[in-house]
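A note on names: the letters A, B, ... follow the listed sequences, proteins ahead of strands, and every chain is numbered from 1. Predicted model, so just to flag it, every value in this text is computed and none were measured.
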Number of protein chains: 2
Amino acid sequence: MERPKFPDETIRRMPLYLRCLNRLIILGKDTLTSKELSEFLGVKPTKIRKDFSYFGDFGTRGVGYDLNNLVREIRNILNLDQEWKIAVAGISNVGCTILDHLEFNQPGFQITHAFDQDPELIGDTVRGVTVHDVTEIENQLSGEGIQLGLLAVPAIEARGVADSLVDAGVKGIINLAPIFIDLPEDVEVVQMDLSSELGRLVYHLTNS
Amino acid sequence: MERPKFPDETIRRMPLYLRCLNRLIILGKDTLTSKELSEFLGVKPTKIRKDFSYFGDFGTRGVGYDLNNLVREIRNILNLDQEWKIAVAGISNVGCTILDHLEFNQPGFQITHAFDQDPELIGDTVRGVTVHDVTEIENQLSGEGIQLGLLAVPAIEARGVADSLVDAGVKGIINLAPIFIDLPEDVEVVQMDLSSELGRLVYHLTNS
DNA sequence: TGTTGTGAACGAGTTCACAGCG
DNA sequence: CGCTGTGAACTCGTTCACAACA
């Protein structure tokens, strides 16, 4: 960890930048300014420049940024040059569809295991991955080096399943269940909560 | 808008509080302290007290907060006493399942319309709601007073569908598609992006 | 005593204004 | 001249320390 610490919000924007830059490269672009990028993403140019400046001078004054350099650097910062393996728990409801849908399957991520508690689903193959029973999490994952888990089970089961994932060595969990999960310090949990966002939306609509 | 402005982050936490408080009421509890709530939600007690203090003195020193008062007040602040109607676009993939799954169907929200572009789905009934073609959005929603939209279509179509929703009078959109949508000032957009969160997770795992 | 309520200090992130450079 | 890069000001949110009070 000799690398300077980047602000958390900057890190959060990196995947956005990356996705946009990749699209532009495919379209044959090779240089762009912070102003252009700003229009694609709705992020102010100064914020973009500040973000990019954290990892050194990648732009050329008067010209803009070299797309390929930028992509290489962001992938490097986010550590996407290695393949990150993901186990999905709760494949029936959200798990699989959300993955497809959010088209996050950019290079760098790979779904290797899927679990559910519905007997109907166990044994099925979803997206090329066989669905196992949630009670099998530890057995199946042990020694596989799975670092990430996507927790998409109902709230009541979320804590138990999260514990299983952690016991199996998972170090980072995205929790889609609307419940707080208390885990050891060395496990990172990111909460994605639709009702929080709905609440915020409704508040803004009535107060402005 | 005589009500004092609450910080955005406070508003975002309100639905979390609400959900937890409702559960506790069902369990027969009628009073709780900021410290107890803190343990349920992983939010520091001082933050909770600050949040609650924005809407006046609802606690009793030495005792804690009255659960029913609190719930009533939060529902009021979030404007959940009226019914908010939601149109879901992209029912096939995420739309419906995410709704079920995230069990956001707390009182205050109601899904009234569903749209998709897949001919296979059009005409089907999902959760008691008939699925219509996305091209029908304006026809179907006009005059219905739908305020909210859940945008769960692929990124390529997201902008077009968002425009339709706005033309039909929708004022708030939750965008699950991984693309920035530029809409008129008076329309509120909340972005929920899995890959941003995955990126953040991976960064933290490798840098700590 | 126990817990709320809150001004003040602190910290993180954004924006601004402009210096630096191709 | 145009666009990047950046210290400084500002804004927003969190935490702290402690006063207020049942």
- Message: Are the side chains of Ser164(B) and Val134(B) in contact, using a 4.5 Å heavy-atom criterion?
- Response: no
- Note: contacts of residues 181-190 of chain A with DNA chain C (heavy atom, under 4.0 Å) are none
Mind listing the side-chain donor-acceptor pairs of residues 140-150 of chain A below 3.5 Å, one per line with the distance, residues two or more places apart or on another chain?
residue, atom, partner, partner atom, Å
Ser142(A), OG, Asn139(A), O, 3.4
Gln147(A), OE1, Lys85(A), N, 3.2

- Message: Rounding to an integer number of Å, can you tell me how far Lys47(B) NZ sits from dG13(D) P?
- Response: 11 Å
- Note, Ser38(A) side chain near Ile48(A) side chain (heavy atom, < 4.5 Å): yes
- Query: Is there any salt bridge (charged side-chain N to carboxylate O under 4.0 Å, His left out) pair reaching into residues 169-185 of chain A, and which pairs are they, with sequence neighbours excluded?
  - Reply: Lys171(A)-Asp186(A)
- Here the residues of residues 27-44 of chain A within 4.0 Å heavy-atom distance, strictly under, of DNA chain C are Lys44(A)
- Give the rounded distance in Å between these two atoms: CZ of Arg49(B) and P of dT14(D). 15 Å
- Anything under 30° is parallel, anything over 60° is perpendicular, the rest tilted; go ahead and classify Phe115(B) against His113(B). parallel
- In whole angstroms, the gap separating C1' of dC12(D) from CZ of Arg13(B) amounts to 12 Å
- Note on the structure: Numerically ordered, the residues 56-65 of chain B set in heavy-atom contact under 4.0 Å with DNA chain C is Asp57(B), Phe58(B), Gly59(B), Thr60(B), Arg61(B), Gly62(B), Val63(B), Gly64(B), Tyr65(B)
- side-chain contact (heavy atoms from CB on, under 4.5 Å) against Ile181(A), all qualifying residues, sequence neighbours excluded: Leu151(A), Ala158(A), Arg159(A), Ala162(A), Asn175(A), Ile179(A), Leu183(A)
- Message: Whole angstroms only, please: what is the CG-C1' distance between Asp51(A) and dT6(D)?
- Response: 14 Å
- Name the one of Tyr65(A), Phe52(A), Phe40(A) that satisfies ring-ring contact (aromatic ring centres under 6.0 Å, His included) with Tyr17(A)? Phe52(A)
- Query: Is the backbone of Ala177(A) close enough, under 3.5 Å, to the side chain of Gln191(A) for a donor and an acceptor to pair up by distance?
  - Reply: yes
- Item | Pairs touching residues 42-70 of chain B that satisfy salt bridge (charged side-chain N to carboxylate O under 4.0 Å, His left out), sequence neighbours left out | Arg13(B)-Asp51(B)
- Task: Report the residues that fulfil side-chain contact (heavy atoms from CB on, under 4.5 Å) with Thr135(B), sequence neighbours left out, ordered by chain and then residue number.
- Result: Asp133(B)
- Contact boundaries on DNA chain C for chain A, cut-off under 4.0 Å to non-hydrogen atoms: dG13(C) to dG22(C)
- Query: Can you pull the salt bridge (charged side-chain N to carboxylate O under 4.0 Å, His left out) pairs that have at least one residue in residues 194-208 of chain A, sequence neighbours excluded?
  - Reply: Glu197(A)-Arg200(A), Glu197(A)-Arg12(B), Arg200(A)-Asp8(B)
- Query: Any ring pair (Phe, Tyr, Trp, His ring centres under 6.0 Å) pairs touching residues 153-174 of chain A, not counting sequence neighbours?
  - Reply: none
- Note on the structure: In short, salt bridge (charged side-chain N to carboxylate O under 4.0 Å, His left out) pairs touching residues 34-43 of chain A with sequence neighbours left out are Lys29(A)-Glu36(A), Lys35(A)-Glu39(A)
- Item | 5' precedence on DNA chain C between Ser53(B) and Lys50(A) (nearest-nucleotide basis) | Ser53(B)
